[in-house]
Amino acid sequence: MRTHDSATAPDAIAVTGPGARTAGSSGPSTPAPDSRAAASQAPGSGSRAAVAGSRTAAPRVPDSGPDSRATVSRAPAPDSRRRGTLLAGLGVVAFSLTFPSTVWGLESFGPWSLVAVRSTLAALLAGVFLLAGRVPLPERRHWAGLAVVAGGVVIGFPLLTSLALQTSTTSHAAVVVGLLPLTTAAFAALRTGRHPSRTFWIAAVSGAVVVLGFTLAESGGALSTGDLYLFGALLVCAAGYTEGGRLAGLMPGWQVIGWALVLCLPLMVAASAVALSLEPVRLNAHGVIGLVWVAAGSTFFGLYVWYRGMAAIGIPKASQLQLAQPLLTLVWSVTLLGETLSPAAPVAAVAVLVCIAVTQRSKS
C-alpha cells in the first residue's frame, strides 16, 4: 500500500534525449518547427532519422519538485516507521478505553442513542477541523471507500459492541476484540493482494490464541448472547480498518475518518432525534464522560492517529499492536469499573508483547 509519506514515494528522474522535454516544462513534447520541416521535406535516411528521433523521445516524467532531476528513490526512513508505530500505539490506547467508556455511557443513554449521539458529535468535530483547514472534497473515486469506513468503523462497530455490552462484561467482549488484528490482517491480504510471511502469521495466530484463551478463561468459557453482535462487529470493523488504511495512503489519516464521519452526519442526526425520543435518558457524570470520550477520544482522535500509523507501517503490522488492546481494556476495567484482575494477566501480557515484537520484526 502506498503510504502518505514523502520518504516512501519514489522521486521523478528527468531523462533527456532528442526531442525530450526537460523537467518543469509544460505542454506536450514536440520537435522544433525546423525539425518538422526537415522531416517532411528531406527524403532518405535524414527524414527517417528525424521522425525516429521525435517518436522515440523520452516520455514525460511527472515533476516531484524543482530539484527532481537530481533526486533518486529513497527507502522508508526508520524515523517514519517509529513515528507510525507510536501513532498506531496511541490509537490502541484510545480504543482500549472504548468499552469502559461505553459502559459508562450506557448508564445515561440507550445503545441506539449513545451510538447516534456519539457519531453526531464526532462528525461535528471533524467538520470543524475540515472547514478550518479548508480541505477540499475527496475525489469521487474515494467515496465508496469512505462509505466502507463509515459503515464499519463509525456505525457498525460502535452499534454492535454497544448492544453486546448490555449483556456481556468488558472482559468477555475483549475475547472477540482480541481477534481483530488477525481479522484485519486477513482482510488486508485479500484487499491489497499482499501476503505477510509465514513467521508473521504464526506470531499473529499465536497472539490471538493467547488473548482468546486468556479472556475465555476469565469469563468461564461460556458464550454470552452478545457474542453474535461481537463477531459481527469484528467483521465490519476489520473491513473499515482495511479500507481506511488504504485511503490513508492517499490522503491524510485524519481526513479519512473526518470525511467518513461527515458522510454519516445527516443519518446520525436523524437517528439521534428518533433514538432520544424512544430511549430514556438519565444523565449523570459517568454517562456524560463516557459519551464525550467515545465521541472525541475513540471515534475522532483514536481513529485519526490509528490511520496515520497504518499508513506509515502498513495494515498488517499496525493491526498486530491491537493484540495489547484487550489486556489494556482489562486494566481500565479494574481502575474505572472496579473489576478484579486475575494473576494470569501479567503472563498473558508478556506472551502478547512477545508476539507483537515478532510480528513487528517479520517481513510483510
Side-chain angles (χ1 to χ4, degrees), residues 1-5 8 83-96 98 115 118-119 122-123 125-127 129-130 135 137-161 177 180-194 232-265 267-268 294-322 325 364:
M1 181 181 70
R2 182 170 63 88
T3 62
H4 190 80
D5 193 329
T8 63
R83 183 170 60 252
T85 301
L86 175 61
L87 290 173
L90 287 175
V92 170
V93 174
F95 298 152
S96 70
T98 300
V115 172
R118 73 180 270 185
S119 298
L125 180 62
F129 275 82
L130 291 170
V135 178
L137 288 172
E139 299 177 25
R140 182 178 299 179
R141 60 193 177 96
H142 296 326
W143 282 107
L146 290 171
V148 174
V149 176
V153 177
V154 178
I155 300 177
F157 185 80
L159 177 60
L160 292 172
T161 53
V177 173
L180 183 57
L182 184 58
T183 309
T184 303
F187 267 77
L190 293 174
R191 180 67 177 87
T192 64
R194 293 184 177 181
L234 259 184
L235 296 177
V236 298
C237 190
Y241 279 172
T242 301
E243 195 64 19
R246 184 188 69 83
L247 290 174
L250 306 175
M251 64 180 75
W254 73 274
Q255 293 182 22
V256 173
I257 185 58
W259 287 118
L261 285 165
V262 170
L263 184 64
C264 294
L265 182 57
L267 177 62
M268 290 297 99
V294 293
S298 299
T299 306
F300 184 75
F301 172 77
L303 289 172
Y304 162 55
V305 295
W306 173 246
Y307 282 136
R308 286 199 62 181
M310 278 200 298
I313 64 177
I315 297 172
K317 287 192 174 182
S319 68
Q320 299 315 305
L321 293 175
Q322 282 196 306
Q325 182 176 327
S364 59

Review point. How would you list, by chain and number, every residue that makes a side-chain contact (heavy atoms from CB on, under 4.5 Å) with Leu87, sequence neighbours excluded?
Key: Arg83, Val305, Arg308
Practice item. Report the residues that fulfil ring pair (Phe, Tyr, Trp, His ring centres under 6.0 Å) with Phe187, sequence neighbours left out, ordered by chain and then residue number. Key: none
Review point. Can you name the side chain to side chain donor-acceptor pair (under 3.5 Å) partners of Thr161, sequence neighbours left out?
Key: none
Review point. Can you name the residues that form a side chain to side chain donor-acceptor pair (under 3.5 Å) with Thr98, not counting sequence neighbours?
Key: Ser298
Point to revise | side-chain contact (heavy atoms from CB on, under 4.5 Å) partners of Leu159, counting only residues at least two apart | key: Trp112, Val115, Leu163
Point to revise | Shortest non-hydrogen contact between Leu146 and Ala260, atoms and distance | key: O-CB, 3.9 Å
Check your understanding: If you round to the nearest 0.5 Å, how far is CZ of Phe129 from OH of Tyr304?
Key -> 9.0 Å
Check your understanding: How far apart are the closest heavy atoms of Pro158 and Gly152, and which atoms are they?
Key -> CD-O, 4.5 Å
Point to revise | Residue pairs fulfilling salt bridge (charged side-chain N to carboxylate O under 4.0 Å, His left out) with at least one residue in residues 233-244, sequence neighbours excluded | key: Arg191-Glu243, Glu243-Arg246
Study note, to complete from the structure: Tightest non-hydrogen contact, residues Thr242 and Thr184, listed as OG1-O, 3.5 Å
Check your understanding: What distance separates Phe95 CZ from Thr299 OG1, expressed to the nearest 0.5 Å?
Key -> 8.5 Å
Check your understanding: With Cys264, which residues qualify under side-chain contact (heavy atoms from CB on, under 4.5 Å), at least two apart?
Key -> Ala150, Val154, Ile155, Met268
**Study point:** Partner residues of Ser119 under the side chain to side chain donor-acceptor pair (under 3.5 Å) criterion, sequence neighbours left out
**Key:** none
Practice item. Find the distance between CH2 (Trp143) and CG (Leu137) and round it off to the nearest 0.5 Å. Key: 6.0 Å
Practice item. Please name all residues satisfying side-chain contact (heavy atoms from CB on, under 4.5 Å) with Leu130, sequence neighbours left out, ordered by chain then number. Key: Val135, Trp254, Gln255, Trp259, Val262
Point to revise | Atom pair CG/CG of Leu303 and Leu261 - distance to nearest 0.5 Å | key: 7.5 Å
Check your understanding: Do you know which two heavy atoms are closest between Ile257 and Phe300, and how far apart they sit?
Key -> CG2-O, 4.4 Å
Study note, to complete from the structure: Minimal heavy-atom distance between Ala238 and Leu180, with the atoms involved, is N-CD1, 3.9 Å
Point to revise | Results of side chain to side chain donor-acceptor pair (under 3.5 Å) for Gln325 - residues two or more places apart only | key: Gln322
Point to revise | Over all atoms of both residues, closest heavy-atom pair of Phe301 and Ala94 | key: CD2-CB, 4.4 Å
